[in-house]
Amino acid sequence: MLEELKKEVFNANLELVKQNLVIYTWGNVSGIDRENNLIVIKPSGVSYDKITSNDMVIVDFDGKVIEGNLRPSSDTPTHIELYKKFKNIGGIVHTHSMYATSWAQAGRDIPAYGTTHADYFYGDIPCTRLLTKEEIENEYEKNTGKIIIEKFENIDEMAIPGVICSGHGPFAWGKNPSEAVYNAKVLEICAQMAYYTELISNKKSRIKQDLLDKHYFRKHGSNAYYGQNLKEM
């Protein structure tokens, strides 16, 4: 069942290791079959060097295991909330990558300081509020998804394909699992560059809007011109 998606999610999870975004069991990738509202996700607490594509777990929107012998990631309820809200998302990644998590622990948005950031994120990468005591004690993972959704009330989730959860760490997403991993890596690099920007100078300033517009829209949207037109090759 969903064999191709299971392979895609499995390979995306391995890519987290290759990109130095996770150690041990610190992270997960999921993908969704929108036709049937079924999610494929990494099993909970299983080392990346031991999992196979057959270990990927299939769950429905209620978190019920449809296929798999292992428990799904403990972050599954967060993924479910995001898939239910954001219909264009096809893959989600959660890591505890060093620089993005450092900004999350500081409770700060990651500022858009330059064009590298602007190529992929159309503005600051937002940081959510802290969860309340009640939200932590009751359906913690589900409420993590809800505060991300709350933060994106007035933000286009495809123009800013990632977030950091205050005191926790980053989530990123994309049209499919591999794109979600790509965006998670870019988010981490942007977090690292922002850190060094602030370390180097206390007179830093955010990227100008016209330059942000230029770099983002040359890669995204109907008038994008970066890269090759595959139809012409």
Side-chain angles (χ1 to χ4, degrees), residues 12-29 48 75 78 82 91-132 136 144-145 147-174 178-220 226-227:
N13 273 285
L14 295 186
E15 188 67 18
L16 291 182
V17 180
K18 293 179 183 177
Q19 295 300 327
N20 295 315
L21 291 171
V22 298
I23 61 172
Y24 302 126
T25 63
W26 297 9
N28 47 72
V29 182
Y48 291 92
D75 294 306
T78 307
L82 298 181
I92 297 172
V93 170
H94 173 50
T95 76
H96 292 264
S97 57
M98 182 180 295
Y99 287 91
T101 299
S102 297
W103 284 91
Q105 291 178 169
R108 288 186 56 192
D109 297 351
I110 302 172
Y113 283 135
T115 61
T116 308
H117 184 123
D119 279 340
Y120 299 96
F121 292 90
Y122 190 49
D124 294 357
I125 298 166
C127 183
T128 69
R129 64 172 174 82
L130 285 166
L131 289 161
T132 65
I136 293 168
T144 297
I147 64 166
I148 293 172
I149 292 166
E150 173 189 294
K151 190 68 180 182
F152 276 74
E153 182 178 1
N154 297 308
I155 300 174
D156 179 353
E157 74 279 0
M158 300 312 286
I160 306 283
V163 66
I164 51 176
C165 293
S166 187
H168 187 176
F171 284 82
W173 47 79
S178 60
E179 184 176 278
V181 173
Y182 188 98
N183 288 333
K185 179 66 175 183
V186 174
L187 190 158
E188 174 65 5
I189 295 299
C190 289
Q192 184 177 10
M193 289 189 295
Y195 166 77
Y196 282 115
T197 298
E198 297 203 354
L199 194 65
I200 291 167
S201 174
N202 60 6
K203 296 181 180 180
K204 68 280 179 186
S205 60
R206 282 175 168 76
I207 188 172
K208 293 181 179 180
Q209 187 64 45
D210 54 357
L211 191 54
L212 176 70
D213 290 345
K214 182 65 176 180
H215 269 261
Y216 183 79
F217 289 112
R218 73 175 188 163
K219 280 193 170 185
H220 307 272
Y226 179 90

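On a predicted model such as this, the values are computed, not experimentally measured, just so you know. These numbers come from the heavy atoms of this one structure, side chains and all, not from hydrogens, waters or symmetry mates.
- Ring-plane geometry between H96 and W26 is classed as perpendicular, the angle between the planes exceeding 60 degrees on a 0 to 90 degree scale with a lower cut at 30.
- L82 is listed as a side-chain neighbour of I149, based on a closest heavy-atom distance under 4.5 Å.
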- Dump the intermediate steps for side-chain contact (heavy atoms from CB on, under 4.5 Å) on I207 and H117, then the final yes or no. CA-CA 9 Å; I207 188 172; H117 184 123; over 6 Å; no

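- Taking each heavy atom of I110 and A194 in turn, the nearest pair found is CG2-CB, 4.0 Å.
- No more than 12 heavy atoms of other residues, nucleotides or ligands shown are found within 6.0 angstrom of NZ on K214.
- In the model, Y113 has no side-chain atom that pairs as donor or acceptor with a side-chain atom of Y196 under 3.5 Å.
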- Show your working on salt bridge (Lys or Arg N to Asp or Glu O under 4.0 Å) between E198 and R108 and close with a plain yes or no. CA-CA 13 Å; E198 297 203 354; R108 288 186 56 192; 2.7 Å; yes

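- Two rings, from F152 and W173, have their centers less than 6.0 Å apart.
- Nearest heavy-atom pair, W103 versus I164, reported as atom, atom and distance to 0.1 Å: CB-CD1, 3.7 Å.
- In this structure a side-chain-to-backbone donor-acceptor pair under 3.5 Å is present from N13 to V29.
- Residues L16 and V181 meet the side-chain proximity criterion, which asks for heavy atoms closer than 4.5 Å.
- Around CE of M98, the count of heavy atoms belonging to other residues, nucleotides or ligands within 6.0 Å does not exceed 12.
- The shortest side-chain heavy-atom distance between Y99 and M193 does not fall under the 4.5 Å cut-off.
- For the atom pair T144 OG1 and L131 CG, the distance stands at 5.0 Å (nearest 0.5 Å).
- D119 and H215 form a side-chain donor-acceptor contact under 3.5 Å, judged by distance and modelled atom types alone.
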- Message: Run N183 and V93 through side-chain contact (heavy atoms from CB on, under 4.5 Å) and show every step you take.
- Response: CA-CA 9 Å; N183 288 333; V93 170; over 6 Å; no

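- Scanning all heavy atoms of the two residues, the minimum distance from T101 to P170 falls at OG1-CD, 3.5 Å.
- No side-chain heavy atom of V163 sits under 4.5 Å from any side-chain heavy atom of C127.
- Note that CZ of R206 is 11.5 Å distant from OG1 of T197, once rounded to the nearest 0.5 Å.
- Interatomic distance, E188 CD to N20 CG, rounded to the nearest 0.5 Å: 9.5 Å.
- Atom-to-atom distance recorded for Q19:CD and S97:OG is 11.5 Å, nearest 0.5 angstrom.
- The OG1 atom of T95 sits 9.0 Å away from the CG atom of N28 when rounded to the nearest 0.5 Å.
- Within the 4.5 Å cutoff, the side chain of D156 has no heavy atoms near those of the Y122 side chain.
- Using bins of under 30°, 30° to 60° and over 60° for the plane-to-plane angle, the ring pair F171/H94 lands in the parallel bin.
- Remark: aromatic rings of Y216 and F121 are distant, center separation not under 6.0 Å.
- In this structure, S166 and L130 approach most closely via the heavy-atom pair OG-CD2, 3.4 Å.
- Judged as a side-chain hydrogen bond (donor to acceptor under 3.5 Å, both in side chains), and not counting sequence neighbours, the contacts of E150 are R129.
- When all heavy atoms of G162 and P126 are compared, the closest pair comes out as O-CD, 3.8 Å.
- In the displayed structure, Y48 atom OH is contacted under 6.0 Å by more than 12 heavy atoms of other residues, nucleotides or ligands.
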- Run the numbers on L187 and I125 for side-chain contact (heavy atoms from CB on, under 4.5 Å), then give the verdict. CA-CA 8 Å; L187 190 158; I125 298 166; 3.9 Å; yes

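- Counting heavy atoms from C-beta on, the side chains of T115 and L211 come closer than 4.5 Å.
- Atom CD1 of I155 is separated from atom CD1 of I148 by 11.5 Å, given to the nearest 0.5 angstrom.
- Between A172 and A180, the closest heavy-atom pair is CB-O, 3.9 Å.
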